Amino acid sequence: MTHAQIPQLTLPVAANYRAFTSTVQDEFDRHVDDADNATNDAAYFVAMIRAAQTLGIAIPAGFDLARCDCFNNGCGCDLVFDAHTDGVVVTATNGPDSNLSQLQCSDCGHDHPRPITD
Ligand SMILES: [Zn+2]
Ligand SMILES: [Zn+2]
């Protein structure tokens with residue numbers, strides 16, 4: 001008897017957002033918005049799982065994916081990554097009605113960090 005392969009173990013842990021078509025990007029954005037607005041853990045987890053599956057990347061252990069904040073506010077980096085990766089920099093905390101903080105990927109966090117100043 002052989003065991004079924006667990007496909008997640010072979011998936012990449014990060015992806016470049018711009019490598020996908022606008023249709024895929026829109027779908028990913030929708031799932032991330034759902035996660036951002038989720039009012040309970042189950043809804044959040046489902047939204048993040050769908051977001052990961054949309055890009056074909058592994059679902060992070062903590063169910064937290066982020067797109068580098070440099071996409072809109074910095075060098076243009078488009079990396080989508082596990083929010084708990086070592087070296088990630090928080091550039092803004094989540095607002096009162098949302099779940100997601102703004103994060104820089106570990107490379108950007110190393111090269112040109114913009115940590116929260118308060
Ligand atoms: Zn980055
Ligand atoms: Zn950057």
Side-chain angles (χ1 to χ4, degrees):
M1 173 123 188
T2 55
H3 292 281
Q5 288 261 313
I6 301 171
Q8 287 168 25
L9 294 180
T10 62
L11 293 171
V13 297
N16 288 98
Y17 182 81
R18 289 192 191 86
F20 297 91
T21 64
S22 59
T23 307
V24 174
Q25 291 176 357
D26 288 349
E27 189 179 339
F28 175 80
D29 291 346
R30 194 157 47 79
H31 294 315
V32 171
D33 278 350
D34 286 348
D36 198 23
N37 297 317
T39 53
N40 60 68
D41 283 355
Y44 181 85
F45 294 157
V46 167
M48 278 298 185
I49 289 166
R50 287 182 178 151
Q53 288 176 336
T54 298
L55 301 190
I57 60 178
I59 299 157
F63 294 95
D64 298 320
L65 279 175
R67 188 181 62 198
C68 188
D69 189 40
C70 279
F71 186 79
N72 293 316
N73 299 310
C75 70
C77 173
D78 65 346
L79 196 70
V80 177
F81 55 94
D82 180 347
H84 300 285
T85 308
D86 282 350
V88 165
V89 170
V90 179
T91 58
T93 50
N94 55 305
D97 296 322
S98 60
N99 297 316
L100 302 178
S101 308
Q102 298 300 313
L103 304 172
Q104 282 181 299
C105 74
S106 51
D107 284 350
C108 290
H110 179 268
D111 292 344
H112 42 267
R114 289 178 288 107
I116 317 168
T117 48
D118 60 4

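Note that the structure is predicted; figures quoted are calculated from it, not measured. The figures that follow rest on heavy atoms only: side chains count, while hydrogens, waters and symmetry mates do not.
- Residues D82 and A61 approach most closely at OD2-N, 4.4 Å, considering heavy atoms.
- The closest side-chain heavy-atom distance from Q104 to C77 is not below 4.5 Å.
- Here the closest heavy-atom approach between residue S106 and residue T85 is recorded as OG-CG2, 4.2 Å.
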Show, in sequence, the C-alpha distance, side-chain angles and deciding distance for V32 and L100, and conclude whether the side chain to side chain contact (heavy atoms under 4.5 Å, CB included) test is met. CA-CA 9 Å; V32 171; L100 302 178; 3.5 Å; yes
If you apply the rule side chain to side chain contact (heavy atoms under 4.5 Å, CB included), what do you find for I57 with V80, and how did you get there? CA-CA 9 Å; I57 60 178; V80 177; 4.0 Å; yes
Pair T54-V24, side chain to side chain contact (heavy atoms under 4.5 Å, CB included): steps then yes or no: CA-CA 7 Å; T54 298; V24 174; 3.7 Å; yes
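- Between P113 and C108, the closest side-chain pair of non-hydrogen atoms is not below 4.5 Å.
- Pairing each heavy atom of A47 with each of D34, the nearest pair is CB-CB, 3.8 Å.
- Taking CG of D33 as the reference point, atom OG of S98 lies at 10.5 Å (rounded to 0.5 Å).
- Put simply, CD on Q25 and CZ on R30 are 14.0 Å apart, with the number rounded to the nearest 0.5 Å.
- Side-chain N/O atoms of N94 and N99 include no donor and acceptor closer than 3.5 Å.
- One finds the CG atom of L103 at 11.0 Å from the SG atom of C70 (value rounded to the nearest 0.5 Å).
- Between F63 and Y44, the ring center distance fails the sub-6.0 Å criterion.
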Evaluate R114 against D69 for salt bridge (Lys or Arg N to Asp or Glu O under 4.0 Å), listing each step before the verdict. CA-CA 10 Å; R114 289 178 288 107; D69 189 40; 3.5 Å; yes
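- In this structure, F28 is not a member of the same hydrophobic cluster as V13, with clusters built from ILVMFWY side-chain heavy atoms closer than 4.5 Å.
- Hydrophobic clustering of Ile, Leu, Val, Met, Phe, Trp and Tyr side chains at less than 4.5 Å, counting indirect connections, keeps V46 apart from L55.
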For C68 and F81: C-alpha separation, side-chain torsions, deciding distance, then whether side chain to side chain contact (heavy atoms under 4.5 Å, CB included) applies. CA-CA 8 Å; C68 188; F81 55 94; 4.0 Å; yes
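- Taking the side chain as every heavy atom from C-beta outward, N16 and L79 approach each other to under 4.5 Å.
- Atoms CG and NE2, on D86 and H110 in that order, are 13.0 Å from each other to the nearest 0.5 Å.
- Contact detail for S101 and V90: the closest heavy-atom pair is CB-CG1, 4.2 Å.
- Rounded to the nearest 0.5 angstrom, M48 CE and D41 CG are separated by 12.0 Å.
- One finds the OG1 atom of T93 at 9.5 Å from the CD atom of Q102 (value rounded to the nearest 0.5 Å).
- For the pair D64 (side chain) and A83 (backbone), a donor-acceptor distance under 3.5 Å is absent.
- D97 CG: 12 or fewer foreign heavy atoms inside a 6.0 Å radius.
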